[in-house]
Number of protein chains: 2
Amino acid sequence: MSTPPATDWLRLDQQICFSLNAASRAFGGVYRVVLKDLGLTYPQYLVMLVLWEHGELPVKRLGEHLRLDSGTLSPLLKRLEAAGLVRRERSARDERSVEVRLTGEGTALRERAVEVPRRIAAATGLDLAEIQDLGARLDRLTAALDAYDTDPAPAPS
Amino acid sequence: MSTPPATDWLRLDQQICFSLNAASRAFGGVYRVVLKDLGLTYPQYLVMLVLWEHGELPVKRLGEHLRLDSGTLSPLLKRLEAAGLVRRERSARDERSVEVRLTGEGTALRERAVEVPRRIAAATGLDLAEIQDLGARLDRLTAALDAYDTDPAPAPS
DNA sequence: CGCAATTCAATTGCGCACAACTAAGTGACG
DNA sequence: CGTCACTTAGTTGTGCGCAATTGAATTGCG
């Protein structure tokens, strides 16, 4: 055999995706601690980031930025609305669309969120260049995986 | 000002953790496709990997390998048991512990799983060295994040 | 105009992740 | 021996992620 035994592959496999999965969940743990003061979960924080950056926008656009669909966003946005951070209202010009916009309280929360990134960066133990490099690699990986998602059977050997 | 405006930090922040989160979910999509034939979800597949490698072991040990607790594993293992892949039985020597072991069917499934890693590796578009390097970086990141989790204010310089 | 295809948000159902709690078993120590 | 601290699984409740479906609104096309 030119290839190593299957056992090695099964173990290697775990290293790739499992490492990613574990890192993602470890981040979740840190964010849970850091965001506790703000009363946000990590996905809610991501939504707020997009809104702080882009202002009001429909659910669809929000989902495009975050790679999430309405099945995830609808209940999440309801919780943000219940917390008084956003308002949701049907667009006048297109009644299918729902515009999400920050309340005064939601806008104000940004002031308390600005310190979050520094605390997270500190927790990673990485410097800026490493973070950016890792991010770039991961983005390329995501693009490759998404491409495969829609093209599940490339020609085998 | 020696530091850039807060806006930049908020955007950078999104790049680190969001890239990781997105990559993790993109992996989920690929695994969902690849594992469909086996009737496994990705977390269930991870459990099977551990069992294939280590044989029978208690829920506690399983959780240590996978970084998961009983709140996640108990229902997951029930589903694997309902699918006929594992059996769960109280340890005779320590009645607190529940031993998880593969059934014949669970053991047999390994034969059909050996091709999974190659298909996943193909989907990443990365070669072996890149995969290993990325995995190592992520493992270091996870270790740093876990350390921060239990020690939220490490002494700075 | 009238009808079909499409778009958009919401809902439903299922599974995972995690905190908090419960319950049962074990072991050490007085 | 009895009690008390600890360990181990399981359960409950909340929230995320995604597939599939529903229902309303819009667009395109004859």
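Excluded from the calculations below are hydrogen atoms, water molecules and symmetry mates; all remaining heavy atoms, backbone and side chain alike, are included.
- Considering only residues two or more places apart in sequence or on other chains, B/Y45 meets the ring-ring contact (aromatic ring centres under 6.0 Å, His included) condition with B/Y31.
- Taking atom CG of B/N21 as the reference point, atom C1' of C/dA17 lies 13 Å away to the nearest angstrom.
- A/R25 has a side-chain polar atom (N or O) that falls below the 4.0 Å cut-off from OP1 or OP2 of C/dC18.
- Annotation for A/R118: atom CZ does not count as buried by contact number, only 12 or fewer foreign heavy atoms lying within 6.0 Å.
- In this structure, CG of A/L57 is placed 10 Å from P of C/dA9, rounded to the nearest angstrom.
- Between B/R88 and B/E81, at least one side-chain nitrogen of the basic residue sits less than 4.0 Å from a carboxylate oxygen of the acidic one, meeting the salt-bridge criterion.
- Rounding to whole angstrom units, NZ of residue A/K36 and P of C/dC18 are separated by 16 Å.
- Between the CZ atom of B/R93 and the P atom of C/dT26 there is a distance of 12 Å, rounded to whole Å.
- Under a 4.0 Å N-O distance rule, the pair B/R137/A/E130 does not qualify as a salt bridge.
- Between B/E53 and A/R11 there is a salt bridge, with a side-chain nitrogen of the basic residue lying less than 4.0 Å from a carboxylate oxygen of the acidic one.
- Regarding A/E95, its CD atom lies at a distance of 14 Å from the C1' atom of D/dG23, rounded to whole Å.
- Using a 4.0 Å cut-off between charged nitrogen and carboxylate oxygen, B/E99 and B/R87 do not count as a salt-bridge pair.
- Taking atom CG on B/D69 and atom P on C/dA19, their separation rounds to 7 Å, with Å as the unit.
- If you check every strand for non-hydrogen atoms under 4.0 Å, B/T72 touches a base.
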Pairs under 3.5 Å (N/O, protein and nucleotides 7-10 of chain D):
from, atom 1, to, atom 2, distance (Å)
D/dT7, O2, B/R96, NH1, 3.4
D/dT8, OP2, B/K60, NZ, 2.7
D/dA9, OP1, B/V59, N, 3.1
D/dA9, OP1, B/K60, N, 3.0
D/dA9, OP2, B/K60, N, 3.0
D/dG10, OP1, B/R88, NH1, 3.0
D/dG10, OP2, B/S74, OG, 2.9
D/dG10, N7, B/S70, OG, 2.6

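- Regarding A/Q44, its CD atom lies at a distance of 10 Å from the P atom of D/dG17, rounded to whole Å.
- For the side chain to side chain contact (heavy atoms under 4.5 Å, CB included) with A/L62, the lone residue among A/L77, A/L46, A/L76 that qualifies is A/L77.
- Here D/dG15 presents its C1' atom at 18 Å from OH of A/Y31, a figure rounded to the nearest Å.
- Pairing of D/dG30, defined by two Watson-Crick or G-U wobble distances under 3.5 Å, is identified with C/dC1.
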